[in-house]
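Convention: sequence-line order gives letters A, B, ...; per-chain numbering from 1.
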Amino acid sequence: MISGQLRPDSVKRETRRRTVEEMNQLIQQRREKLKKLQEMGVNPYPYKFDRTHTSKQVKEHFEELENQEVRVAGRIMAHRRMGKAAFMHIQDMDGRIQIYLKKDMVGDFAWEVYRLLDIGDIIGVRGKVFKTRTGEITILVEEFELLAKSLRPLPIVKEKIEDGKRVVFDPFQDKELRYRQRYVDLIVNPEVREVFIKRSKIMTSMRNFLNNRGYLEVETPILQPIYGGASARPFVTHHNALDMKLYLRIANELYLKRLIVGGFEGVYEFAKDFRNEGMDRFHNPEFTQMELYVAYKDYYWMMELTETMISSIAQEVLGTMVITYQGQQIDLTPPWRRLPLFDAIKEFAGVDVSDADEEMLRKIAKDLNVEVEDGWGSGKIIDEIFGEYVEPNLVQPTFITDYPLEMSPLAKKHRNNPRLVERFEPIIAGKEIGNAFSELNDPIDQRERFEAQMELRAKGDEEAQVLDEDFLRALEYGMPPTAGLGVGIDRLTMLLTDQPSIRDVLLFPHMRPEK
RNA sequence: GGGCCCGUAGCUCAGCUGGUAGAGCAGCGGCCUUUUAAGCCGUUGGUCCCAGGUUCGAAUCCUGGCGGGCUCACCA
């Protein structure tokens, strides 16, 4: 027999947690009610309920539905008992509707069942639609059915409507609880639900935009033997059957470009990517990117597509191209400003770095009070100056273009300047929301770039990219000129829903394990 | 990882110049058949995040941990 000492801590903790919870009075009471209901012959978890309308439909079609019978289902969110009658609000996906229950209407047995209901229970009701004396559209219940007994108390939120606006009292706002128990957050905070409905609409809108242009949605590996397509550290896992190391993708770029080699002329993927790095307001270990590759196009063309796509998504989802993000008004109407990186630094930092070598750059950085590390190359230093002086100032949508070569091993050299690449990042509200280039399709150049990255890696840069021999082989077969784009879906959603943190646009943001 | 702040009832919070816990809402019991943050009367409920320490005595002070928020650094 396994001794107590060998039991995993998690099991012990779980046992203890349950014991503590079972002592919780509120849960105990609900379990008692559940038992009573079962003893009365009520199935607290029946199989289905046929509803005729949602709460919203009843309210919107009141004229036709007045005195008509409807069947509506939802979660009890408010309860006011008045002797032998009661008002409740039940909530469904569309909102809330009031129901009115009278003992003499439903009968003694149903009234006993009603007395065992709690806020949080899910019920279905049948009854006629009417308006109360105070003018609220309400269902006079003739019959109701318990659809799911709730055993845990909700963080109850009281609210009233004042001047047409919803005023909430003591809202459920503990961020940790809200993120850990998003289901509760969603029940109790309707504005949270709105954010995620918008997120879905944003993605649908983008997908339609791309499909309408004839691009093919594809799926590429998440488990990759060689990770590539971005500069970042990966999560590592192990495949047992093949006894090999696998990485969770940090990007899908190299796979999508293989598909361009294969003859698809426009491919895209909404990709969950994984990066083994710190977390903050703008970063979650797993995040979503839409990557798009289109053959025979360059980055100028991609800029137009980007501004058209983002602005039309805003128009479609929000009904306007002028948005407010954290108090700043932002106009997404195309065309967006195009600003080469060096010009931007000249404009905001007042220095010309276009001809500076690494040594000069270090001096410039020092003069600008930008901290740089010893191992950094000139591209990295420029990026740092940019991040410090320029980026926060770019509130209105701006394409920053033409990055230093060594920062972008997968981008094609600039047609007018071999030290630069044809790359742009759309920046809105001081944050990058994407990244794009004229894709490098010269296999020999690409090999050299990979080799340069491998040298950086050898020098200790853990984020330097890894040489992918199969990708090179693909390029050697020939890839047409191609424009590529990646858009951070989470950040775009933050922007379009005016949320300050990435965690507010992820249903289940990454958290440390509970206790 | 650094800095600042926070962790008390199911929820929102008070108590924190040390004397072992309180409010509102929710819950429970009672009155109330068009109320709506319903109301009125009564009432239950707490390993005060955890572990050490100081002290006659710790929710309160100290140390360490755990969890969270904001922020800086790195990145999308």
Side-chain angles (χ1 to χ4, degrees), chain A residues 16 19-21 23-30 32-33 77-89 96 98-106 111 115 118-120 130-136 138 140 151-162 166-181 184 188 229-233 250-251 273-289 291 371 373 380 383-384 387-388 425-427 431-435 462-463 486-492 494 500-503 511-515:
Chain A
R16 181 159 166 253
T19 317
V20 169
E21 270 171 10
M23 280 158 55
N24 181 298
Q25 187 189 37
L26 298 173
I27 293 175
Q28 278 298 18
Q29 284 168 347
R30 287 181 180 227
E32 285 301 316
K33 289 179 182 175
M77 294 302 291
H79 174 220
R80 297 174 290 281
R81 187 160 77 91
M82 312 186 43
K84 294 180 178 58
F87 288 93
M88 291 188 264
H89 274 98
R96 294 183 181 186
Q98 182 166 261
I99 62 172
Y100 181 41
L101 205 74
K102 293 204 283 189
K103 185 178 181 185
D104 57 12
M105 190 115 206
V106 297
W111 189 253
R115 296 282 276 139
D118 284 295
I119 287 176
F130 77 109
K131 244 183 202 170
T132 61
R133 216 152 39 191
T134 48
E136 177 159 354
T138 303
L140 177 60
L151 297 179
R152 285 176 184 269
L154 282 173
I156 192 61
V157 173
K158 286 228 175 189
E159 59 178 69
K160 66 173 175 181
I161 308 295
E162 203 166 67
R166 184 166 163 269
V167 185
V168 180
F169 297 86
D170 298 329
F172 175 55
Q173 56 191 3
D174 183 310
K175 288 204 173 173
E176 180 176 0
L177 282 178
R178 287 183 45 215
Y179 295 145
R180 285 195 195 280
Q181 300 186 44
V184 175
V188 152
S231 300
R233 279 181 292 182
I250 58 173
D273 290 337
F274 307 84
R275 298 191 184 171
N276 207 339
E277 289 162 351
M279 309 155 50
D280 63 22
R281 196 150 67 85
F282 296 99
H283 301 85
N284 194 66
E286 55 182 291
F287 64 105
T288 304
Q289 265 199 113
E291 288 202 37
E371 277 186 42
E373 285 173 27
K380 182 81 183 154
D383 195 38
E384 200 64 17
E388 197 82 14
E425 291 193 352
I427 296 180
K431 266 291 162 191
E432 305 137 56
I433 61 150
N435 188 18
E462 288 182 67
E463 293 183 352
V487 175
I489 296 296
D490 313 289
R491 288 190 180 176
L492 179 63
M494 285 168 69
S501 167
I502 195 168
R503 298 183 148 199
M511 302 284 277
R512 280 197 176 79
E514 245 176 296
K515 297 266 156 70

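- Between the side chain of Q98(A) and the base of U35(B) there is at least one donor-acceptor pair of N/O atoms closer than 3.5 Å.
- Under the Watson-Crick or G-U wobble criterion, with both distances below 3.5 Å, G67(B) is paired with C6(B).
- In this entry C28(B) has G42(B) as its Watson-Crick or G-U wobble partner, both defining distances falling under 3.5 Å.
- Here the closest heavy-atom approach between residue V157(A) and residue P171(A) is recorded as CG2-CA, 4.4 Å.
- The base of C74(B) sits within donor-acceptor range of the side chain of D280(A), with an N or O pair under 3.5 Å.
- Across the strands present, U20(B) finds no partner; the criterion is a Watson-Crick or G-U wobble pair with both atom distances under 3.5 angstrom.
- Rounded to whole Å, the separation between the C1' atoms of C16(B) and G57(B) comes to 16 Å.
- Between the CD atom of Q181(A) and the C1' atom of G67(B) there is a distance of 14 Å, rounded to whole Å.
- When the nucleotides G30(B), U33(B), C13(B) are ranked by their closest atom to the side chain of Q173(A), C13(B) comes out on top.
- Of the candidates U34(B), U36(B), G30(B), G30(B) carries the atom nearest the R115(A) side chain, counting heavy atoms from C-beta on.
- Nucleic acid contact for N435(A): none, since no nucleic acid atom lies under 4.0 Å from a heavy atom of the residue.
- By the 4.0 Å N-to-carboxylate-O rule, E277(A) lies too far from R275(A) to be salt-bridged with it.
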Distances for protein N or O near nucleotides 8-10 of chain B N or O, under 3.5 Å:
| unit_1 | atom_1 | unit_2 | atom_2 | d |
| --- | --- | --- | --- | --- |
| G10(B) | OP1 | N24(A) | ND2 | 3.3 |

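- Spacing between U47(B) and A38(B) at atom C1', rounded to whole Å, works out to 37 Å.
- For U36(B), there is no paired base (Watson-Crick or G-U wobble, both distances below 3.5 Å).
- If you check C48(B) for Watson-Crick or wobble pairing at under 3.5 angstrom, you find it has no partner at all.
- Base contact: K431(A) has a heavy atom under 4.0 Å from a base atom.
- For U35(B), the base has a donor-acceptor partner in the side chain of T132(A) [N/O atoms by modelled type, under 3.5 angstrom].
- Across all strands shown, G57(B) forms no Watson-Crick or G-U wobble pair with both key distances under 3.5 Å.
- Remark: the separation of the C1' atoms in G15(B) and G53(B) is 24 Å, to the nearest Å.
- Side-chain atoms of R503(A) lie closest to G69(B) of the nucleotides G69(B), C74(B), U33(B).
- Contact check, R80(A) against A38(B): a side-chain N or O comes under 4.0 Å of OP1 or OP2.
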Heteroatom pairs (N/O) under 3.5 angstrom, protein to nucleotides 40-42 of chain B:
none

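- Put simply, K33(A) has a side-chain N or O that comes within less than 4.0 Å of OP1 or OP2 on C28(B).
- When only modelled atom types and interatomic distance are considered, E463(A) and S231(A) share no side-chain donor-acceptor pair under 3.5 Å.
- Nucleotides G18(B) and G2(B) are separated by 33 Å at their C1' atoms, to the nearest Å.
- Side-chain atoms of R133(A) and base atoms of U34(B) include no donor and acceptor less than 3.5 Å apart.
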